**Student:** 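Below are the structure tokens for one structure; questions will follow.
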Amino acid sequence: MFADLHLHTCFSDGTFTPEELVRTAAERGLSAIALSDHDTMAGCPRARAASIEHGLDFIPACELTVDHEGRELHVLGYGLDPEQPALAAFLACCREARHDRIREMARRLLERGVDIPADSVEALAHLESPGRPHIGQALVDSGHCTSLDEAFERFLKKGRPGWAPKWRIASAEAMTLIHRAGGLAVLAHPGLYRLDDAIPSLCEAGLDGLECYHSKHSPSAAIYYRELADRHQLLVTGGSDCHGFTKGAPLIGGVKLEWNLFDIFRQRLLPSAATPAITPHPN
Ligand code: AMP
Ligand code: FE
Ligand code: FE
Ligand code: ZN
């Protein structure tokens with residue numbers, strides 16, 4: 001039995017609906033999943049219902065973009081209660097900031113003569129958690145680019161004409177928010193950053209775990225991060241970071257967190273009263 005604890009749906013920048021995601025998880029033999037869309041938990045009720053139907057354990061989660069000592073990184077919040085007032089207010093703020101940013105990026109592109117049709121920008125502004133991948137898709141759909149990669153390369157990477165800064169919360173504040181909503185804070189894909197030196201200060205800020213297993217971690221990186229997790233007494237998690245069909249075949253199930261590690265993680269989640277959506281496991 002295995003878990004995949006890092007997954008996205010069309011509620012942020014994935015292509016699967018929650019139901020498609022859960023069905024695919026079941027087909028690929030997973031026994032537990034977490035839905036961790038960027039800055040939104042709006043897909044969690046549907047993913048939870050579908051998980052119950054398929055007999056999967058489900059953890060509601062969210063991937064937050066945070067600032068840690070001037071650097072951007074992603075923190076996964078697990079077992080969160082989205083109704084908790086401070087978290088609900090924060091997620092609403094994220095939504096507003098993302099919509100403002102979409103309009104700002106479209107404005108910057110237009111200044112350079114790259115015109116994304118106003119109605120597609122408007123459509124993006126109604127999404128739950130729009131971001132650069134959505135603008136990228138609009139650039140492809142309107143014929144300005146031939147692929148999402150080209151859109152990022154020419155227009156959307158930091159420093160390119162369409163890029164606009166993204167509002168981000170301070171790491172310690174994010175972790176306080178996660179804890180107040182009954183959750184655990186896990187550093188996402190540490191192997192994608194050069195910030196291992198920051199792990200002690202992240203621990204001081206309240207970090208609970210490290211995503212040791214990830215699609216972009218080599219086997220040796222995974223071993224390295226497991227040692228680091230042990231050294232700092234951090235929980236060990238893992239997930240594929242599947243975004244559906246955005247880049248070829250879906251990654252879901254490609255990273256399998258062993259059940260004993262999932263169990264340790266789940267044990268830490270369960271005592272928190274505000275964790276509403278974990279279904280009891282048949283065993
Ligand atoms: P944003 O949060 O709006 O800045 O967008 C960041 C998201 O863009 C990441 O979560 C990735 O899913 C996605 N992304 C980054 N680089 C690329 C790329 N070259 N092609 C497609 N998606 C990308
Ligand atoms: Fe993403
Ligand atoms: Fe991420
Ligand atoms: Zn992710």
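Since this is a predicted model, take the numbers as computed values, not measurements. As the structure lists them, so they are numbered: ligands from 1, and atoms in each ligand from 1.
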**Student:** Can we call the ring centroids of Phe16 and Phe245 under 6.0 Å apart?
**Tutor:** yes
**Student:** Is the Fe ion (ligand 2) less than 2.8 Å from an N/O/S atom of Asp13, whether that atom is in the backbone or a side chain?
**Tutor:** yes
**Student:** Using a strict cut-off of under 4.0 Å between a residue heavy atom and any atom of ligand 1, list the qualifying protein residues by chain and number.
**Tutor:** Asp13, His38, Arg98, Arg101, Gly131, Arg132, Pro133, Leu148, Asp149, Phe152, Lys166, His243, Lys247
**Student:** Under 4.0 Å between a Lys/Arg side-chain N and an Asp/Glu carboxylate O for Glu128 and Arg98?
**Tutor:** no
**Student:** Is there a path from Met41 to Phe11 through hydrophobic residues (I, L, V, M, F, W, Y) whose side chains come within less than 4.5 Å of each other?
**Tutor:** no
**Student:** Is there a donor-acceptor contact under 3.5 Å from the side chain of Tyr78 to the main chain of Cys62?
**Tutor:** no
**Student:** When you check the space around the Zn ion (ligand 4), which protein N, O or S atoms turn up under 2.8 Å?
**Tutor:** His6 NE2, His8 NE2, Glu63 OE1, Asp241 OD1
**Student:** Please check this pair: side chain of Asp37 against backbone of Thr9, looking for a donor-acceptor N/O pair closer than 3.5 Å.
**Tutor:** yes
**Student:** How far apart are the C-alpha atoms of Arg231 and Glu227, what are their side-chain angles, what is the distance that settles it, and do they pass the salt bridge (charged side-chain N to carboxylate O under 4.0 Å, His left out) test?
**Tutor:** CA-CA 6 Å; Arg231 199 179 318 148; Glu227 285 169 4; 5.2 Å; no
**Student:** Would His189 and His74 count as a close aromatic pair, with their ring centres under 6.0 Å?
**Tutor:** yes
**Student:** Ignoring hydrogens, what is the shortest heavy-atom contact between Gly183 and Asp208? Give both atom names and the distance.
**Tutor:** O-OD2, 4.5 Å
**Student:** Any N/O/S atom, backbone or side chain, of His38 lying under 2.8 Å from the Fe ion (ligand 2)?
**Tutor:** yes
**Student:** Can a salt bridge be assigned to the pair Glu27 and Arg23 using a cut-off of 4.0 Å between side-chain N and carboxylate O?
**Tutor:** yes
**Student:** For Gly206 and Ala185, which heavy atoms make the closest approach, and how far apart are they?
**Tutor:** O-CB, 4.4 Å
